[in-house]
Amino acid sequence: MLEHIHLLATVTILGVLEQAYFFLQVISARRVFGISPPKISGPPEFERIFRAQVNSSEYFPIFLALLWQAGLFFHQGLAAALGLLYLCARYCYFTGYRTSSSERLAPIYMSSGVLWILLVASALGILHFLITHYVGLNIIQLLTS
């Protein structure tokens with residue numbers, strides 16, 4: 001069983017570490033700019049870092065759900081590769097947003113695109129499973145024979 005999920009688990013841990021890094025960046029920015037919780041406003045530099053972290057954590061559950069569904073129902077290797085691409089795009093988003101709000105755009109489009117691909121892979125995998133399991137029709141065997 002573990003050989004079917006080890007890549008997904010690895011990407012998940014990397015994602016959690018990335019989220020922790022983003023949280024630490026907000027803590028550091030709070031210290032640099034003297035902004036104590038629960039305040040969320042301050043200089044634009046702080047607000048961009050804060051907003052990048054919040055936005056990344058808002059999308060993280062969606063990413064995890066799609067990563068695991070695509071990996072379990074479609075293909076673990078493809079899902080893991082897309083997961084790494086997503087994490088890279090999110091890191092670029094975070095660092096770009098820190099610099100300027102316009103620098104976040106290309107990475108956010110990339111990470112959104114990856115989520116859409118994971119969604120399609122998940123839906124196709126689940127649909128194939130349901131048709132095979134409940135209808136008894138294996139579409140992949142039909143297409144390859």
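Because the structure is predicted, anything quoted here is derived from the model rather than measured.
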Inter-residue atom distance [X].[atom1] - [Y].[atom2], 0.5 Å rounding:
{"X": "Arg90", "Y": "Ile108", "atom1": "CZ", "atom2": "CD1", "answer": "3.5 Å"}
{"X": "Ile117", "Y": "Ser112", "atom1": "CD1", "atom2": "OG", "answer": "11.0 Å"}
{"X": "Leu14", "Y": "Cys88", "atom1": "CG", "atom2": "SG", "answer": "12.0 Å"}
{"X": "Leu130", "Y": "Leu137", "atom1": "CG", "atom2": "CG", "answer": "12.5 Å"}
{"X": "Gln19", "Y": "Leu64", "atom1": "CD", "atom2": "CG", "answer": "8.5 Å"}

Enclosure of Phe23 CZ (heavy-atom neighbours >12, cutoff 6.0 Å):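 Check passes, neighbour count above 12.
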
Step through the shown structure and confirm whether more than 12 heavy atoms of other residues, nucleotides or ligands are within 6.0 Å of OH on Tyr59.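 Check fails, neighbour count at 12 or below.
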
Side-chain donor or acceptor of Gln53 paired with backbone N/O of Leu24 under 3.5 Å: no

With no hydrogens and no angle check, is any side-chain donor or acceptor of Gln69 less than 3.5 Å from a backbone partner on Ala123?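 Not a single qualifying donor-acceptor pair exists.
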
Which pairs count as salt bridge (charged side-chain N to carboxylate O under 4.0 Å, His left out) when at least one residue sits in residues 4-26, sequence neighbours excluded?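 As it turns out, there is no salt bridge (charged side-chain N to carboxylate O under 4.0 Å, His left out) pair with a partner in residues 4-26 once direct neighbours are skipped.
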
Does any non-hydrogen side-chain atom of [Y] lie less than 4.5 Å from one of [X]?
{"X": "Ile139", "Y": "Thr132", "value": "no"}
{"X": "Ile49", "Y": "Phe94", "value": "yes"}
{"X": "Tyr93", "Y": "Tyr109", "value": "no"}
{"X": "Tyr91", "Y": "Thr95", "value": "yes"}

Indicate whether any N or O donor in one side chain lies under 3.5 Å from an N or O acceptor in the other, for Thr12 and Trp68. yes

Residue pair Leu78, Phe74: steps toward the side chain to side chain contact (heavy atoms under 4.5 Å, CB included) verdict: CA-CA 8 Å; Leu78 176 67; Phe74 192 80; 3.5 Å; yes

Show which side-chain atoms of residues 29-42 pair as donor or acceptor with protein atoms under 3.5 Å away, not counting sequence neighbours.
unit_1: Arg30; atom_1: NH1; unit_2: Ile35; atom_2: O; d: 3.3
unit_1: Arg30; atom_1: NH1; unit_2: Lys39; atom_2: O; d: 2.8
unit_1: Arg30; atom_1: NH2; unit_2: Lys39; atom_2: O; d: 3.0

Residues Arg98, Arg104; criterion side chain to side chain contact (heavy atoms under 4.5 Å, CB included); working and verdict: CA-CA 8 Å; Arg98 169 188 277 165; Arg104 78 190 196 290; over 6 Å; no

Might you work through the side chain to side chain contact (heavy atoms under 4.5 Å, CB included) test for Asn138 and His128, ending with a clear yes or no? CA-CA 7 Å; Asn138 189 330; His128 177 261; 3.2 Å; yes

For Phe129, enumerate each residue passing the side chain to side chain contact (heavy atoms under 4.5 Å, CB included) test, keeping only those at least two apart in sequence or located in another chain.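 With neighbours one apart ignored, the set is Phe73, His133.
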
Could you walk me through whether Val11 and Phe63 pass the side chain to side chain contact (heavy atoms under 4.5 Å, CB included) test, one step at a time? CA-CA 11 Å; Val11 173; Phe63 163 68; 4.0 Å; yes

Show your reasoning for whether salt bridge (Lys or Arg N to Asp or Glu O under 4.0 Å) applies to Arg48 and Glu103. CA-CA 11 Å; Arg48 286 194 309 266; Glu103 294 292 317; over 6 Å; no

